[in-house]
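Small disclaimer: the values here were computed from a predicted structure and weren't measured. Note on naming: letters A, B, ... go to the chains in the order of the sequence lines (proteins, then strands), and numbering restarts at 1 for each one.
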Amino acid sequence: MRRAVGLQQLLGPVMLVVVAALLGTLVSASTQSYFTDTLVNVAIVVALYVFIGNSGVLSFGHISFVAIGAWTAGVLSVPVGEKPAIMPDLFHFLRTTTTGNVPSLALAAAVGGVCALVVALPLMRLSGLAAGIATFGVLEITHNVLQYENRIGPGLNTFSSVPETTDLRQAAIGAVLVIAVAWAYGRSRFGRLLRASREDSAAARAVGVSVYRQRLIAFAVSGALAGFAGGLEVHLLPVNTESVYLDLTFITLAMLVVGGATSLWGAVVGALAVSALDSYLAVAENGTSLFGWHVDFPSGTRELVVGALMALVLIVRPGGLTGGREFKLWPR
Amino acid sequence: MTVTWQNLADAMSLGAIYALMAVGIGLVFGVLRLVNFAYGQLVMAGAFALALASQWNWPVWAGIALCFAVVIVLSFAMDWLVFRPLRGHSPAVMLVATFAVAFLLENVALLWFGALGKIATSVASLNQPWAISGVDIRKISIVSIVVAGLCLFALRVLIERTTVGLHMQAASMDFTTARMLGVRANRVITFAVLISGLLAGVVAVLLTVQNPLVTPDFALRDTIIVLAGVVLGGMNRIVPATIGGFAIGFASGLLGGALPTTQSQYLDSFLFAAVILVLVVRPGGLFTRARAVERV
């Protein structure tokens, strides 16, 4: 029975992703890109959930690892012949190597995970506001370095010529993979210990949980997942330093909070719900008809509505849409 | 690296402005335990008010009055609509909420005024240099330092010498006990929000004079840096928070002006690396004595 409950918690989110992907196959190619984008967002938000949801510590820094993953996968998969034109100052070994789609994603995850681990070593000693500001610092530093360091990427330019291999199928498989890892982590000893420390840090310490070590593990795992998601993103659309900075941090945090930060189900529901709304508004900014009326939202409406929604959910339902509970077929 | 007098004055004035922002953020934090990420957007709104006033050819004083009115109204609206319903929630939830408000306001400005922003021309006259014993120093640098000094002094008197100031001090030490002893919560909070809004107005005027091009992300960077400075100094007390704000403003102004471009482009990295380092070594802040133990 307990295993069945656990399996439900995996299958619920996976089913949602599969349904979203199947819906995506039914629509035109231009609309499909919204679905692909949504599934990549699911991957990013689930990566955030692994740390923020399980530990209860806020991190503004996870988009750094998305950026690092994007840079890794992007730099490695631009064809050798085109590298000198786009990124003339690359390190020699980066200039002369090119990897395929799957290895680049694996490396993105690896580099993201290692960077997260290194960052976490000092940072996980902090909690509360200090942790919030310090992770924000990580985001600022990553953004700053990627902007000006031309030896590891395009700097201020946009990544072009990265093979666009993230189609609907790859995004769906990627999202499911990330969900599966997040689920397995959550069910593992480490995930349980970390959640125990989230619920009552003093009690967890008293029974011998090293909060520092558990947070470290979660941060590294979620950094790796974020790196992987960044790899998916760079294979989807041309990325630059601004597209993996404050706006993405905001929108993914909004998704997590709107869905319910303390459950995997909440992360997936939030990502899908906010992405759906966001995509609808993106279409609507180009003019649409609503109940027979022609509406033409000015650009900027998306962020406005999403920001208002996020504040509203926080005020009315601080646990998020799902109340922070896991998916269950037969609620008891 | 060469430091000129102009440099030093600019750094001092940036430090002074950041100190004011730090007080604005710290006062609200003291009574509400809420880190207001949207503080910069209050400043931005004030700056847009100035820009609009100069577009309508209002006299400077009217523009400044409009700026203060807008900032204070917005500040109270924020308190009523967001902070009040969220009272008593965890600091993390409130931080995320103010993050949402910040982006909301930024996008309202984006919708209203466009990404290119507006220029506040009427206050630009203050931006001219002044020759003091052969050294050119921008007027606004001096004005900023003096205004900030006066504000901080007035605030000190207010907090130390008046009843409501005393109530605020008590509330920021221990709100529950303070309320039991007869401190009226809503009055103290309203007062803190008012003062914090006034300071945002002052900052809006000073920053707009220094940088007349007002865009929707006006003061966003400054807020991030000030927040880092406030946490660096020690969030729990006003004076350490103010010193933290001043220190980070002074350091970033001085280094930004004095370093060659190849190095100053990495200024943010160094600044935040220093912040992280300090936080790891002293999570309670640099200038606080007691070890603040915070439970997540």
Side-chain angles (χ1 to χ4, degrees), chain A residues 52 55-58 60 119 122-123 125-145 147-149 197-198 200-202 211 246-247 249-251 253-254 256-257 261 297-316 318, chain B residues 29 35 81-82 84-86 89-112 114-115 216-217 220-221 224-225 227-228 230-232 235 262 265-277 279-285 292 294-296:
Chain A
I52 299 177
S55 73
V57 178
L58 199 59
F60 289 109
V119 165
L123 248 57
R125 301 155 60 92
L126 303 174
S127 55
L129 285 175
I133 293 293
T135 50
F136 213 110
V138 172
L139 180 68
E140 288 288 333
I141 292 174
T142 313
H143 178 247
N144 190 224
V145 169
Q147 258 187 341
Y148 295 109
E149 192 52 80
S197 80
R198 175 191 78 196
D200 192 334
S201 152
V211 177
L246 280 180
D247 286 358
T249 302
F250 165 68
I251 195 99
L253 267 181
L256 185 61
V257 169
F297 294 121
S299 87
T301 319
R302 300 163 63 181
E303 290 82 0
L304 199 78
V305 173
V306 172
L309 178 76
M310 183 175 171
L312 198 69
V313 167
L314 278 170
I315 292 164
V316 180
Chain B
F29 180 80
V35 181
L81 296 175
V82 184
R84 200 164 282 238
L86 281 177
H89 280 87
S90 77
V93 168
M94 295 200 284
L95 182 59
V96 175
T98 62
F99 204 56
V101 173
F103 270 78
L104 189 69
L105 291 177
E106 190 183 326
N107 284 292
V108 169
L110 194 65
L111 275 179
W112 206 337
D217 62 355
L220 177 67
R221 278 210 54 71
I224 295 174
I225 295 179
L227 272 177
V230 166
V231 174
L232 197 69
M235 190 95 224
T262 47
Q265 65 190 19
Y266 289 114
L267 179 63
D268 283 2
S269 293
F270 287 118
L271 219 54
F272 279 99
V275 169
I276 291 174
L277 190 73
L279 284 177
V280 169
V281 180
R282 299 203 55 166
E294 192 178 8
R295 287 186 50 193
V296 185

Decide yes or no on ring-ring contact (aromatic ring centres under 6.0 Å, His included) for B/F272 and A/F136, but give the supporting numbers first.
CA-CA 9 Å; B/F272 279 99; A/F136 213 110; 7.2 Å; no
Count the heavy atoms of every other residue, nucleotide or ligand shown that sit under 6.0 Å from OH of A/Y148, and state whether that count exceeds 12.
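Yes, OH of A/Y148 has more than 12 neighbouring heavy atoms, counting only those of other groups under 6.0 Å.
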Using non-hydrogen atoms and a 4.5 Å limit, figure out which bit of [X] sits close to chain A: side chain, backbone, both or neither.
{"X": "B/L279", "value": "both"}
{"X": "B/V231", "value": "side chain"}
{"X": "B/F99", "value": "both"}
{"X": "B/L105", "value": "neither"}
{"X": "B/L277", "value": "neither"}

Residue selection (most heavy-atom pairs with chain B, distance under 4.5 Å) from [options]:
{"options": "A/T142, A/T249, A/L314", "answer": "A/L314"}
{"options": "A/R125, A/M310, A/E140", "answer": "A/E140"}
{"options": "A/A261, A/G307, A/G137", "answer": "A/G137"}

N/O donor-acceptor pair under 3.5 Å between B/D217 side chain and B/E106 backbone
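Side chain of B/D217 to backbone of B/E106: no pair is present.
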Would you find a donor on one side and an acceptor on the other, under 3.5 Å apart, between the side chain of B/T98 and the backbone of B/V35?
yes
Would you give the length of the straight line joining atom [atom1] of [X] to atom [atom2] of [Y], rounded to the nearest 0.5 angstrom?
{"X": "A/I315", "Y": "B/L81", "atom1": "CD1", "atom2": "CG", "value": "7.5 Å"}
{"X": "A/L139", "Y": "B/I224", "atom1": "CG", "atom2": "CD1", "value": "8.0 Å"}
{"X": "B/S269", "Y": "A/I141", "atom1": "OG", "atom2": "CD1", "value": "5.5 Å"}

Under 4.5 Å heavy-atom distance to chain B, tell me which part of [X] shows up: side chain, backbone, both or neither.
{"X": "A/L126", "answer": "side chain"}
{"X": "A/V145", "answer": "both"}
{"X": "A/L253", "answer": "side chain"}
{"X": "A/A254", "answer": "neither"}
{"X": "A/E149", "answer": "both"}
{"X": "A/V138", "answer": "both"}
{"X": "A/L246", "answer": "both"}

Not counting sequence neighbours, list each pair that qualifies as a salt bridge (Lys or Arg N to Asp or Glu O under 4.0 Å) and has a residue in residues 267-276 of chain B.
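Counting only pairs at least two positions apart or across chains, the salt bridge (Lys or Arg N to Asp or Glu O under 4.0 Å) contacts touching residues 267-276 of chain B are B/R221-B/D268.
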Show the nearest heavy-atom pair for residues A/A131 and A/V57, with the distance to one decimal.
CB-CG1, 3.8 Å
Using the side chain to side chain donor-acceptor pair (under 3.5 Å) criterion, which residues pair with B/N107? Sequence neighbours excluded.
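Side chain to side chain donor-acceptor pair (under 3.5 Å) list for B/N107, sorted by chain: empty.
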